[in-house]
There are 2 protein chains.
Amino acid sequence: MTRAPQKRRLETRARLLEVAAAIVQEQGYSGLRVEDVVARAGVAKGTLFSHFRDKDGLLAVLIGDEVMRLLDGMEAAGAPQDAAELTVRLAPHLDYVSQDRVIFDLLLRYSGTTAAEPDEVVTAGFIRQVALLSRWLQLLQAAGRIRRDQPPELLAEGIQAFLNHVLGVWFCLEHDDETPPAKALEPYLLAWLQPAP
Amino acid sequence: MTRAPQKRRLETRARLLEVAAAIVQEQGYSGLRVEDVVARAGVAKGTLFSHFRDKDGLLAVLIGDEVMRLLDGMEAAGAPQDAAELTVRLAPHLDYVSQDRVIFDLLLRYSGTTAAEPDEVVTAGFIRQVALLSRWLQLLQAAGRIRRDQPPELLAEGIQAFLNHVLGVWFCLEHDDETPPAKALEPYLLAWLQPAP
DNA sequence: AATCAAAAATGACCACGGTCAATTACAAAA
DNA sequence: TTTTGTAATTGACCGTGGTCATTTTTGATT
């Protein structure tokens, strides 16, 4: 009886992720094809699907990792002083997601859950982001810089809603010279957080 | 030189839509397969794709029609007296979309655009919904029932954001006995529209 | 009626994600 | 060393959306 995955298996999984990341680097998320991944990793197609539920499951790990990295950056930047500065903190996230519709779709599909399976880095990232936002909002409330009549969790989830909204609009537009998502987010955030005076 | 589509063509298109609607009726949106549609319509696969850009294009017409019907209902119900009543007006829309993830995905993908191609009923529906909401919000502002410090258009788009947010969360949950989207929407709407006193 | 160019429809074909019964590699037991 | 049960891998196969060179239909023109 052996419950823990064997060494060989872990190596295969790591190789798949490595190769997938490399292909994404070269061709972008939309250019990732399962056949290419398994070919370059030197395994059969079935193997990939024994490691990841589906193509999205593989993408979720890659994207989840990146989201975690972005969150590290956010946290490192420290708590904002007001709503406008909060927009600045969120800009890297918007920039990342807005680069490819695949990222947006995947985050949207995975990021409402609260039940986290081992693989679900994306869900973990979502939870972490809401938690971080809630903490920051609480600080801002304490400092009297934003409205205090709503719990920080609600405000945080509302911000998530606005993030996705501006991204959704962004992807529907021919984004040649449109206002970037970060800019589009600002009025919503200000109106949402504005202290009831 | 003949620019207008010929009669035969229009008939084929109508038949395809008819059949597709019937199949959706029987199997739900997720059960709609292109092969079934063309088989029952008695045409070749290629024909379908000469009438609609892709499967989504076909779905968009079906769903767009339904959205239009819902908007008729909304308009007929008349302007709400306050934010809470607005939630009630939006409930049918939430109920409809929450019945199948396919609807949600499609609306999300199509409904940010402003450029409407002939077929894009969904886009037209989106524009109409924002316009209707804007009008209602303007009335509520005039009556002093909601905040007046933001333009009704911004408030309307914000509501769209919250609609999609609660739906997104809904589809990530195992919705056995969870709070339905309409219920989840309420706190957001109240907080968003609350007059700054 | 015969001709012909444009419109419409056709269906063999492809791409790509995903499945699963069969096979191989591995580690512990005999 | 051989046996054996299980973990891991394999790759032929499938479903389904989508393409496009070819064929059929249509209606205006002679």
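Scope of the values below: all heavy atoms of this structure, side chains included, with no hydrogens, waters or symmetry mates.
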Check the pair B:L32 / B:Q27 against side-chain contact (heavy atoms from CB on, under 4.5 Å), numbers first and verdict last. CA-CA 7 Å; B:L32 189 75; B:Q27 330 245 327; over 6 Å; no
Any chance you could lay out the ring-ring contact (aromatic ring centres under 6.0 Å, His included) test for B:F126 and B:Y110, step after step, and finish with the verdict? CA-CA 9 Å; B:F126 173 73; B:Y110 280 69; over 10 Å; no
Apply side-chain contact (heavy atoms from CB on, under 4.5 Å) to residues A:V130 and A:I159 and explain how you reach the verdict. CA-CA 9 Å; A:V130 170; A:I159 290 175; over 6 Å; no
As a quick check of understanding, evaluate side-chain contact (heavy atoms from CB on, under 4.5 Å) for A:V97 and A:V67, giving each step before the final call. CA-CA 9 Å; A:V97 181; A:V67 168; over 6 Å; no
Derivation and outcome, side-chain contact (heavy atoms from CB on, under 4.5 Å), residues B:Q129 and B:L163: CA-CA 12 Å; B:Q129 182 166 353; B:L163 284 172; 3.6 Å; yes
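Sorted by first and then second residue, the side chain to side chain donor-acceptor pair (under 3.5 Å) pairs with a member in residues 74-83 of chain A read A:E75-A:R128; sequence neighbours excluded.
The CG-P distance, from B:L16 to D:dG18, rounds to 14 Å in whole Å. Remark: C1' of D:dA8 and CG of A:L48 are 14 Å apart, rounded to the nearest angstrom. A:E35 places its CD atom 14 Å from the P atom of C:dC14, with the value rounded to the nearest Å. Spacing between atom CG of A:L10 and atom P of D:dA8 amounts to 8 Å, rounded to whole angstrom units. Rounded to a whole Å, the CG atom of B:L58 is 10 Å from the P atom of D:dG18. Distance B:D56 CG to D:dG18 C1': 12 Å, rounded to the nearest Å. Computed from coordinates, the A:R33 CZ to C:dG18 C1' distance equals 15 Å when rounded to whole Å. To the nearest angstrom, C1' of C:dC16 lies 13 Å from CG of A:D54.
Residue B:L32 is classed as a sugar-phosphate contact, given heavy-atom separations below 4.0 Å to backbone atoms only. Counting any heavy atom pair closer than 4.0 Å across all strands shown, A:T12 reaches sugar-phosphate atoms only and no base atom.
The side chain of B:K55 sits closest to D:dG17 out of C:dC16, D:dT10, D:dG17. Here C:dG17 is the nucleotide among D:dT10, C:dG17, D:dT16 with the atom lying nearest to any side-chain atom of A:V34. For A:R8, the listed nucleotide lying nearest its side chain is D:dA8; candidates were D:dA8, C:dG18, D:dG17.
In this structure, B:H51 reaches the C:dA9 phosphate: one of its side-chain N or O atoms is under 4.0 Å from OP1 or OP2.
Using modelled atom types and a 3.5 Å distance limit, the side chains of B:Q194 and A:R147 yield a donor-acceptor pair.
From one end of the helix from C:dA1-D:dT30 to C:dA30-D:dT1 to the other, with five pairs defining each end axis, the axis direction shifts by 30° (rounded to 10°).
Aromatic ring pairs are classed by plane angle as parallel below 30°, tilted from 30° to 60° and perpendicular above 60°; the pair A:Y29 and A:Y96 is perpendicular.
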Could I get a table of every N or O pair under 3.5 Å where one atom is in the protein and the other is in nucleotides 19-21 of chain D?
none

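Under the 3.5 Å distance criterion, the side-chain polar atoms of A:R148 are matched with a main-chain donor or acceptor of A:Q141.
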